[in-house]
Amino acid sequence: MDVHERWVTYRGAVDAWECDQMQHMNIQHFARRIGMAEHYLLVQFGLSSSALHGRQLHVVAAREHIAFAKELRAGCPIVGHSVPVAIGGDHQLRLQHELINGISGDTCMTARSEYALVDSGGAHHPWPEALVQAIDASASQAEPPLRPSAGDGGNGIECGRCIVSEDDCQAGDVTREVLVRLANHAGSHVGLEKGRQWEDGRLTVGSATLHLAIERHAAILPGTMLQIRSALTHSSGKIVHIEHHLLDAVTGRELATMATAHVFFDVASRKAIAVPDGLTRPVSEAAASPSTLS
């Protein structure tokens, strides 16, 4: 993972239950996404919960400042961007986070946080050398702007990035509920959100899932750095088909494959409509290979 890819620490979407009476994502869920992004970044530098526990150390937040710039609506894709910017003489690690609208590219929230690496007695400890080097690399390289997703055009793009938590798992594997949630979020990134339409603040064209198939290749354990690559494989009539590949971000091993089928519908009449123009394109016969999950 190169230095620029490292700073993308979260890809997901807004769930409807996270929205308040104003139909926008409540600020507590902005904060939760920052926590997920922070966790993803720190794990890359050897600061996972298990590693810290083994060294009898833990990361504590000393101070934070969060600024909210734009609102996020249910279904909107989110990209998290987290950069370590400095380590002071007081051993305080300073991180900068952004949450970005995956459709428009607008920055919706920024946060500046300071952290300390301490033992049970409260004494500060130096941060890993890999993290120090990453900060130096960040300062010396211009970071490319995060571009909003334009849909995959049939080729597949990264549509998810997160750490699997203990709460996501049961009996040593990620739950079915979490897999479905990740597929929903990835679908927003790969193109479904572009087919939904709003008018005067009200949803007029929505989407619904008709079919879902899951094939597990290996257990997805707590602490796994998970990446999801998704592709709009083809459309037939009023149906859009998507494949999601869930990968271990460290090893590249595929852990699960999911195939979904979706339909767009008029919210007022609740009837299916044609797939919006430009959302996807049929895959050529040479490139297409029938999914084992279809």
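Remember, it's a predicted structure, so these values are computed and weren't measured experimentally.
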For the side chain of T204 and the backbone of Q197, is there at least one donor-acceptor N/O pair under 3.5 Å apart? yes
So, do L93 and L117 sit near enough that their side-chain heavy atoms are less than 4.5 Å apart? no
Go through the steps for E38 and T9 under the test side-chain contact (heavy atoms from CB on, under 4.5 Å), then give the verdict. CA-CA 7 Å; E38 164 199 299; T9 48; over 6 Å; no
If you define the side chain from C-beta out and look only at heavy atoms, does anything of V164 sit under 4.5 Å from V178? no
One pair to check against side-chain contact (heavy atoms from CB on, under 4.5 Å): R196 and R73. What are the steps and the verdict? CA-CA 12 Å; R196 300 173 185 135; R73 199 187 296 273; over 6 Å; no
Whether over 12 other heavy atoms sit under 6.0 Å from E64 CD: yes
State yes or no: do V263 and L192 share one hydrophobic cluster built from I, L, V, M, F, W and Y residues joined by side-chain heavy-atom distances below 4.5 Å, directly or via other members? no
Could you tell me whether R176 atom CZ has more than 12 heavy atoms of other residues or ligands within 6.0 Å of it? no
State, yes or no, whether a side-chain contact exists between S113 and H97 at a heavy-atom distance under 4.5 Å. yes
Check whether any side-chain heavy atom of M109 lies under 4.5 Å from a side-chain heavy atom of M25, and answer yes or no. no
Report the distance from atom OG1 of T224 to atom CG of D168, rounding to the nearest 0.5 Å. 10.0 Å
Looking only at heavy atoms, the pair that brings Q92 and A116 closest together is NE2-CB, 3.9 Å
Any donor-acceptor N/O pair, H185 side chain to G12 backbone, under 3.5 Å: no
Worked check of side-chain contact (heavy atoms from CB on, under 4.5 Å) between W127 and V59: CA-CA 10 Å; W127 296 91; V59 176; 4.1 Å; yes
Starting from I100, can I reach M36 by hopping between I/L/V/M/F/W/Y residues whose side chains sit under 4.5 Å apart? no
With a 4.5 Å cut-off on side-chain heavy atoms, are I34 and I66 touching? no
Smallest separation among heavy atoms of A261 and I239, with atom names: CB-CG2, 3.9 Å
Under a single-linkage definition using a 4.5 Å side-chain heavy-atom cutoff for Ile, Leu, Val, Met, Phe, Trp and Tyr, are V132 and V118 assigned to the same hydrophobic cluster? no
Please check if the side chain of D248 supplies one atom and the backbone of V250 the other of a donor-acceptor pair under 3.5 Å. yes
Using the side-chain contact (heavy atoms from CB on, under 4.5 Å) rule, take L182 and L226 through it: C-alpha gap first, then chi angles, then the decisive distance, then the call. CA-CA 10 Å; L182 292 173; L226 198 62; 3.6 Å; yes
Knowing that exactly one of E215, R216, H217 qualifies, which makes a side chain to side chain donor-acceptor pair (under 3.5 Å) with T257? H217
Backbone N/O of W17 and side chain of D15: donor-acceptor pair under 3.5 Å: no
Verify the neighbour count for atom CD of Q170: are there more than 12 heavy atoms of other residues, nucleotides or ligands below 6.0 Å? no
What heavy-atom pair brings V14 and C19 nearest, and what distance separates the two atoms? CG1-SG, 3.8 Å
State the CG-CG distance between L203 and D266, to the nearest 0.5 angstrom. 10.0 Å
Do F265 and R270 have side-chain heavy atoms sitting under 4.5 Å apart? yes
Between R229 and E243 (side chain of the first, backbone of the second, donor and acceptor by atom type, cut-off under 3.5 Å), is there such a pair? no
If Ile, Leu, Val, Met, Phe, Trp and Tyr residues are connected whenever their side-chain heavy atoms lie under 4.5 Å apart, and connections chain through other members, are I242 and I273 in the same group? yes
With rounding to the nearest 0.5 angstrom, report the CD1 to CG distance, I228 to L247. 9.0 Å
Taking all non-hydrogen atoms of both residues into account, name the closest pair between H81 and V8 and its distance. CD2-N, 4.5 Å
Can you say whether the rings of F30 and F68 are parallel (under 30°), tilted (30 to 60°) or perpendicular (over 60°)? perpendicular
What do you reckon, is CD of E129 surrounded by more than 12 foreign heavy atoms closer than 6.0 Å? yes
Test item: V85 and R94 side chains (from C-beta on) under 4.5 Å apart, heavy atoms: yes
Electrostatic pair E199-R202, nearest N-O below 4.0 angstrom: no
Working to the nearest 0.5 angstrom, can you tell me the gap between E98 CD and I78 CD1? 13.5 Å
C169 vs L221 side-chain heavy atoms within contact, under 4.5 Å: no
Atom pair CG/CG of L72 and N26 - distance to nearest 0.5 Å: 12.0 Å
How close do P84 and L95 get, counting heavy atoms only, and between which atoms? CA-CD2, 3.4 Å
What distance separates R11 CZ from H189 NE2, expressed to the nearest 0.5 Å? 6.5 Å
When every non-hydrogen atom of M258 is compared with those of A183, the smallest separation belongs to CE-CB, 3.7 Å
Consider only side-chain heavy atoms of I, L, V, M, F, W and Y, link residues closer than 4.5 Å, and tell whether V205 and V275 are in one cluster. yes
